[in-house]
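Below: the structure, in structure tokens.
Start at 1 and go down the list; that is how both ligands and their atoms are numbered.
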Amino acid sequence: MALVGTRKMFEMAQKGGYAIGAFNVNNMEITQGIVSAIAEEKAPLILQISKGARSYASMSYLKAIIDVVVAENPDIPVVMHLDHGDTFEICKQCVDDGFSSVMIDASKHSFEENIAITKKVVEYAHAHDVVVEAELGQLGGIEEDVIGVSAEDVGKHLTDPEEAIEFVEKSGCDSLAVACGTSHGAYKFKTTPTLAFDVIEKIGEKLPGYPLVMHGSSSVLKEFKDLINKYGGAMPDAMGVPEDAIAKASKMAICKVNIDTDLRMALTAKIRQVFAEKPAEFDPRKYLGPGREAIKDMVKHKLQLLGCVGKAAECM
Ligand code: G3H
Ligand code: 13P
Ligand code: ZN
């Protein structure tokens, strides 16, 4: 089966009260770890590539890796998605490169400019049978001492449900990334957070069936944080989104859950462990291999949480 878009996946996820995991890929081992989990659990798959991944690995290598994923997994629907494209030009390039889904993140611009840029991407992408994710609002936290957005500013950064409706209608985007209290990276919160589920709920009520996306959804697993800190790393204050919050959002209008930091931490933790326990080791297979295995186990755990285990067939 060729690469697919997200329409069918999101329709089934909405109906079934689950979400699809969207995992960032930067090299072969990360991709293999994710895909072996997906293949065992028979889950639908979104592999996403950032601008940084494109310049790190080069698009031709990443595309070749994903072509192998598709060829070797005919019973799994696979989306190749651009993560956080910030201009029309990069989105156009990705459509031309064969992506089946692109994200235009023009959320740093004014509401009107965001609509105009998104609309332009939608017109080009839809003409090439590619779906478009857009973003409204800016990621941050909703607790007093959250890093990124101050408490007074939170209301300005969370997605406004009324604006979301107007945005979707005017831009024509196929899915919308909303700011509901999550943020990117390993230092999302200082104390246990509460996500703004009301934002998800209100948009879900006003746009029934419309797929929403949750970025910044890594949970910063204790296992990997502890290994990193034990073996010479320094991430004592790392904190992610509680897993029960991710499971709850997945049952609501959130259809796509973005995970990158947890992949990075799994790989880093295992590499640090091998280096610390076997300082004479210099065969990359001996440290990248355990990292790849840790990614596989971690992704299997995420798929359970998102509720998408066994859902590949219905999303084809
Ligand atoms: O949302 C950001 C992703 O984690 C990608 O990060 O731009 O460093 O590849 P990156
Ligand atoms: P995390 O940093 O929480 O993994 O979020 C990744 C993401 O949102 C990619 O778009
Ligand atoms: Zn993101």
Point to revise | Identity of the N, O or S atom of His215 lying closest to the Zn ion (ligand 3) | key: ND1
Review point. Taking N or O atoms only and a 3.5 Å limit, does Asn26 qualify as a polar contact for ligand 1?
Key: no
Exercise for review: Name the closest protein heavy atom to atom 3 (O) of ligand 2, giving the residue it belongs to and the distance to 0.1 Å.
Suggested key: Lys188 NZ, 2.5 Å
Review point. Does ligand 2 have any atom sitting under 4.0 Å from a heavy atom of Met214?
Key: no
Point to revise | Plane angle bin for Phe167 and Phe111 - parallel if under 30°, tilted between 30 and 60°, otherwise perpendicular | key: tilted
Check your understanding: Does an N or O anywhere in Asn258 fall below 3.5 Å from an N or O of ligand 2?
Key -> yes
Check your understanding: Which of these passes salt bridge (charged side-chain N to carboxylate O under 4.0 Å, His left out) with Lys296: Glu41, Glu29, Glu40?
Key -> Glu40
Point to revise | Cluster link Leu136 to Phe88, ILVMFWY, side chain under 4.5 Å | key: yes
Review point. Is ligand 1 under 4.0 Å from a heavy atom in the side chain of Asp83, in the backbone, in both, or in neither?
Key: side chain
**Study point:** Nearest non-hydrogen protein atom, atom 2 (O) of ligand 2
**Key:** Thr261 OG1, 2.6 Å
**Study point:** Val130-Met103 co-clustered via ILVMFWY side chain contacts under 4.5 Å
**Key:** no
Check your understanding: What part of Asn24, side chain, backbone, both or neither, has a heavy atom within less than 4.0 angstrom of ligand 1?
Key -> side chain
**Study point:** side chain to side chain contact (heavy atoms under 4.5 Å, CB included) partner of Cys94, the single match among Met80, Glu89, His81, Arg54
**Key:** Arg54
Point to revise | Top protein contact for atom 9 (O) of ligand 1, by heavy-atom distance | key: Ser50 OG, 2.6 Å
Practice item. Tell me whether Val95 is reachable from Ile49 by hopping between hydrophobic residues (I, L, V, M, F, W, Y) whose side-chain heavy atoms are closer than 4.5 Å. Key: yes
**Study point:** Sub-4.0 Å atoms of ligand 2 with respect to non-hydrogen atoms of Gly185
**Key:** 2 (O)
Check your understanding: Would you say Met316 and Met9 are hydrophobically clustered, going by side-chain heavy atoms of ILVMFWY under 4.5 Å?
Key -> yes
**Study point:** Passing candidate, side chain to side chain contact (heavy atoms under 4.5 Å, CB included) with Met214, options Ile259, Ile246, Val178, Leu139
**Key:** Ile246
Check your understanding: Does one hydrophobic cluster hold both Val131 and Phe99, with members joined at side-chain heavy-atom distances below 4.5 Å?
Key -> no
Exercise for review: Please state which part of His84 comes within less than 4.0 Å of ligand 1, counting heavy atoms only: side chain, backbone, both or neither.
Suggested key: side chain
Study note, to complete from the structure: For Ala37 and Lys300, the nearest pair of non-hydrogen atoms, with its separation, is CB-CG, 3.5 Å
Check your understanding: For Gly216 and ligand 2, does the shortest N/O to N/O distance drop below 3.5 Å?
Key -> yes
Exercise for review: Quick one: look up the protein heavy atom nearest atom 7 (C) of ligand 2 and list residue, atom name and how far away it is.
Suggested key: His184 CD2, 3.4 Å
Practice item. Could you tell me which atoms of ligand 2, counted from 1 in the order shown, lie closer than 4.0 angstrom to a heavy atom of His215? Key: 8 (O), 10 (O)
Point to revise | Shortest protein heavy-atom distance from atom 10 (P) of ligand 1, along with the residue and atom involved | key: Arg264 NH2, 3.4 Å
Study note, to complete from the structure: So for Asp83 against ligand 2, with non-hydrogen atoms under 4.0 Å, the contacting part is side chain
Review point. Which one holds for Thr182 and ligand 2: side chain close, backbone close, both close, or neither close, with close meaning a heavy atom under 4.0 Å?
Key: neither
Exercise for review: Cation-pi check, Lys270 to Tyr287: give yes when NZ or CZ is under 6.0 Å from the six-membered ring centre and within 45° of the ring axis, no otherwise.
Suggested key: no
Review point. With a 4.0 Å heavy-atom cut-off (strictly under), which part of Met103 contacts ligand 1: side chain, backbone, both or neither?
Key: neither
Practice item. Taking only heavy atoms of His84 into account, list the atoms of ligand 2 that are under 4.0 Å away from them. Key: 10 (O)
Point to revise | Ligand-side contact atoms (ligand 2) for residue partner Asn24, heavy atom cut-off under 4.0 Å | key: 9 (C)
Exercise for review: Check each of Thr182, Asp105, Asn258 against His215 using the side-chain hydrogen bond (donor to acceptor under 3.5 Å, both in side chains) test, and report the only one that passes.
Suggested key: Asn258
**Study point:** ligand 2 contact on Ser217 by region, counting heavy-atom pairs under 4.0 Å
**Key:** backbone
Practice item. Start with the C-alpha gap between Asp226 and Lys230, add the side-chain angles, then the distance that decides, and say whether salt bridge (Lys or Arg N to Asp or Glu O under 4.0 Å) holds. Key: CA-CA 6 Å; Asp226 288 351; Lys230 179 175 175 189; over 6 Å; no
Check your understanding: How long is the gap from CZ on Arg272 to CG on Asn229, to the nearest 0.5 Å?
Key -> 9.0 Å
Check your understanding: Between Asp260 and ligand 1, does any nitrogen or oxygen pair lie at a separation below 3.5 Å?
Key -> yes
Review point. Which angle, to 10 degrees, forms at the Zn ion (ligand 3) with NE2 of His84 on one side and NE2 of His184 on the other?
Key: 100°
